[in-house]
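To start, the structure under review is shown below, and the notes come after it.
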Amino acid sequence: MPDTHAARRDRLRRLLQDRELDAALVTSLVNVRYLTGFTGSNAALIVAADGADLLGTDGRYAIQSESEVPDVDRLIERNTVPALTAMLARRRTNAVGYESHVVTVDGLEAMREGLPGARLVSLAEAVEELRAIKDPGEIELVRTACALADQALAELLSAGGIRVGRTEREIGLDLDFRMLSLGAEALSFETIVASGPHSAIPHHSPTDRTVQRGDFLTLDFGVTHEGYHSDMTRTYVVGEPADWQREVYRVVAEAQRAGREALAVGADVVAVDKAARDLIGSAGYADAFAHGLGHGVGLQIHEAPMMGPTGTGTLSGLMPVTVEPGVYLEGRGGVRIEDTLVVRADGPPDLLTMTPKDLTVLPAH
Ligand code: ZN
Ligand code: ZN
C-alpha cells in the first residue's frame, strides 16, 4: 500500500509545515510502520518538510525493507537513530521534531550532541493522533481480526471447552490454539481466563484453578491481523446463576449498551464513559468499576482515544474503539462485557465483535 503510506507521511508533513519544523525524526517503531509499512524490529524514519524522507534500519532488514518500503530512500546502518541524526546534521536541518514520549533522556542528549545548534521540538503524540482515525483498509483489518476471535470462541464453546474441572490455563491454551489455527498472526495480548473469584480481577492471568459450578468465567482476548488488533470480553456463568450474578450481569450489560449508544461523532470521551458509569453508579456499584470505559484499537491494542473519566478529546468517524464496563466484587467474582466497534458519521456504530452478549449459562456437568 505505498500510496496509503505516502498519504500518511504527507499528513505528518503538513503538520511539520504548520509547526515550522524542517523534519520529524520518528523513533516509535509502530509509528514507523504506520508511516511506511515496514514491519521489522528496528527502524526510525525522517519525514522531511521538503519531501526527502529517509527510512533507517539495519542490515538484517536490508531485503525486507526494500520490498516493504519501495517508495522511501533507505539508510542501512546498525546504529540507526545516530545515523539518521548525522544525516539531519549533514542536511543542515534547523528545526527537528522528535517523539518525546518515546525518546529516552540519553537518546535526547545524543540528538542534541549530533545536531549542535538545531532546535529540537517535541512532536508529542502527533503521529498517534493521526493514527486514531483509520482509513477504510485499516477498518477491514480490525474487522477480520475480530471475526477470527469470534470464530475461535464459537468453536471453543461448541466443543464444550469451558467446563467444570478444566483449568483456566487449559481453557486459555485451547482458545489460543484455535485462534492461531484459524490463521491469526499473533495474539493481541496474553489471553485472560478468570474463573470464580478470579473474575473480580480485571487483568487476571490464567492459573491452575479449575472451573467450578456457580462460577463466573471471564474471557478477554484477541488477535492481530496484518498488525491490527481485536479485543473482546465475554463473561459466562457455569451452572444456574445466583440472583446476585443475574443482577450484576444485567447492570453491566445495560451499562455496556449505554456506552455503545453514546458512541457518536463529536461525542466527548468523558461523556461516553459517563453514559455507562452512571448506570453502574445508580445500581450501587460505583466503586466496583475502577477502570476506563474503553480505548482505541489499531496497530496497538490500547491507543487513542482513551475513553475514561480523565480522558480528553472527542470521537470521530472511522475510529475503532472498545466499550468494556465491568463490575468486580472482591472474593465473589465479576463481569466485564467488551466489544470493539467503529464510530460512524452516518449512523450507529459498526459492531465488529459479533459474539452474543445475553447472559449465557454453560452446562455444569
Ligand atoms: Zn479486552
Ligand atoms: Zn480492551
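Counting starts at 1 for both ligands and their atoms, in listed order. Because only heavy atoms are used, hydrogens play no part in the values below, and waters and symmetry mates are left out as well, while side chains stay in.
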* **Backbone or side-chain N/O/S of Glu324 under 2.8 Å of the Zn ion (ligand 1)** => no
* Asked: How wide is the angle at the Zn ion (ligand 1) between OE1 of Glu338 and OD2 of Asp220, to the nearest 10°?
  -> 100°
* Under the 6.0 Å and 45° cation-pi test, does Arg277 pair with Phe289? -> yes
* So which N/O/S atom does Asp231 have closest to the Zn ion (ligand 1)? -> OD1
* To do: Identify which one of Thr312, Val321, Val343 satisfies the side chain to side chain contact (heavy atoms under 4.5 Å, CB included) criterion when paired with Pro305.
  => Val321
* Flag if over 12 foreign heavy atoms under 6.0 Å of CZ, Arg119 -> no
* Asked: So, Phe38 versus His5, ring centres under 6.0 angstrom or not?
  -> no
* **N/O/S from His295 sitting under 2.8 Å away from the Zn ion (ligand 2)** => yes
